[in-house]
Amino acid sequence: MADRTAPRCQLRLEWIYGYRGHQCRNNLFYTAGKEVVYFVAGVGVVYNTREHTQRFYLGHSDDIISLALHPERSLVATGQVGKDPYICVWDTFNIQTVSILKDAHSHGVACLAFSADTGERLVSVGLDAKNTVCVWDWKRGKVIATATGHSDRIFDITWDPFQQNHLVSCGVKHIKFWAMCGNALTPKRGIFGKTGDLQTILCVAAAKDDVTYSGALNGDIYVWKGLNLIRTVQGAHGAGIFSMYACEEGFATGGRDGCIRLWDTDFKPITKIDLREAEQGYKGRDTNTAYLLFTGIRSCLLQNSDQRTDHRDQSLKL
């Protein structure tokens, strides 16, 4: 008679192929260890491009859809979907859980962002009907402020690094500017006026002097001063601008048109990188990291540096 007892051997995760680009943004970062962190399905992945190895974070019970990098670049926060979704803060070096944040959202956690100063606070946006915004003291696992986000979907949220306790969120036909005072979160809607059409805003980046830049669905960049839209950069991309990255030297934007554009601090164009036409990709120049890292809907990763990893795509995010 055949032995029907369960075998003693166990499965061990060896490699994960692919990258979650569908319905996700701003979910690929370099860590302090010069590794790449991203997610696929319910697994957080830390990829060493030099040794071509992966390490896996397995603390989630459902698909991950959001990721944020701590200012010190060693910790990340990941948020998942599900009936009772939660957020994991974990260490990319030892792949250990640092904190688990529960009981604030339903359906999923759409956006995450650490505070730009010390990273002691974490903001999250839920997928519930109110798109609830929560600010966490993540080390204690406590919500310190919460508010209704918007009646329509929120696509991006960020802390203003130049104004403490200020945030900006954007989404379907709106942009909001938030002020946090104690345990209260107070939003004010951006005023489009006659400067630009009321349309969906996909991404935001804060700048000095109370200026905010945002990427629109039609490929324009909207420039805000306080609550007011003051000018537009028309035709910045040929289609929706999915992602925007700010640094001391300026900005980078990635769009559905398959292009990356680099801009100076006044949002004047520096160069355009069309990865649909490049034979060997683009050897990028980032004075902070010496790398440019791109991802897209139909590919895993495109890293441009002296040591190149090239998995081509036609619709790029940063």
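Starting from 1, each residue takes its place in the sequence as its number.
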Problem - Nearest heavy atoms of Leu112 and Ser124, plus distance in Å - result: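 Leu112 and Ser124 have their closest heavy atoms at CD2-CB, 3.6 Å.
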Handout entry: Aromatic ring proximity Trp224/Phe192, centre distance under 6.0 Å
Key =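 Trp224 vs Phe192: aromatic centres under 6.0 Å.
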For the pair [X] (side chain) and [Y] (backbone), establish whether a donor and an acceptor sit closer than 3.5 Å, ignoring hydrogens and angles.
{"X": "Arg261", "Y": "Ala236", "value": "yes"}
{"X": "Gln163", "Y": "Asp210", "value": "no"}
{"X": "Ser74", "Y": "Ala32", "value": "no"}
{"X": "Lys272", "Y": "His237", "value": "no"}
{"X": "Lys176", "Y": "Gly149", "value": "yes"}
{"X": "Tyr57", "Y": "Thr97", "value": "no"}
{"X": "Asn131", "Y": "Asp152", "value": "yes"}

Problem - Test applied, side-chain contact (heavy atoms from CB on, under 4.5 Å); reference residue, Ile241; option that passes from Leu202, Ile221, Asp257 - result: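 The residue from Leu202, Ile221, Asp257 that satisfies side-chain contact (heavy atoms from CB on, under 4.5 Å) with Ile241 turns out to be Ile221.
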Exercise for the section: Among Arg55, Gln54, His52, Glu35, find the one that has a side chain to side chain donor-acceptor pair (under 3.5 Å) with Tyr47. Expected result: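 In the set Arg55, Gln54, His52, Glu35, the residue that makes a side chain to side chain donor-acceptor pair (under 3.5 Å) with Tyr47 is His52.
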Problem - Criterion side chain to side chain contact (heavy atoms under 4.5 Å, CB included) on Val233 and Tyr213, from CA distance to verdict - result: CA-CA 10 Å; Val233 181; Tyr213 296 95; over 6 Å; no
Handout entry: Partners passing side chain to side chain donor-acceptor pair (under 3.5 Å) against Asn218 (at least two apart in sequence or in another chain)
Key =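 Here the qualifying residues are Gln199, Asp220.
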Handout entry: Under the side chain to side chain donor-acceptor pair (under 3.5 Å) test, residues paired with Thr158 that sit two or more places apart
Key =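 If we apply the side chain to side chain donor-acceptor pair (under 3.5 Å) test to Thr158, skipping adjacent residues, there are no hits.
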Practice task
Using ring pair (Phe, Tyr, Trp, His ring centres under 6.0 Å) as the criterion, point out the one residue from Phe39, Tyr86, Trp90 that pairs with His60.
Solution key: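 So, applying the ring pair (Phe, Tyr, Trp, His ring centres under 6.0 Å) to His60 and each of Phe39, Tyr86, Trp90, only Tyr86 qualifies.
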Problem - Phe56 with Tyr19, same ILVMFWY side-chain cluster at under 4.5 Å - result: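 Yes; Tyr19 is reachable from Phe56 via cluster members.
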Practice task
Check the hydrophobic clustering (I, L, V, M, F, W, Y; side-chain heavy atoms under 4.5 Å; chains of links allowed) and say if Val109 and Leu127 are grouped together.
Solution key: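 Result: no, two separate clusters.
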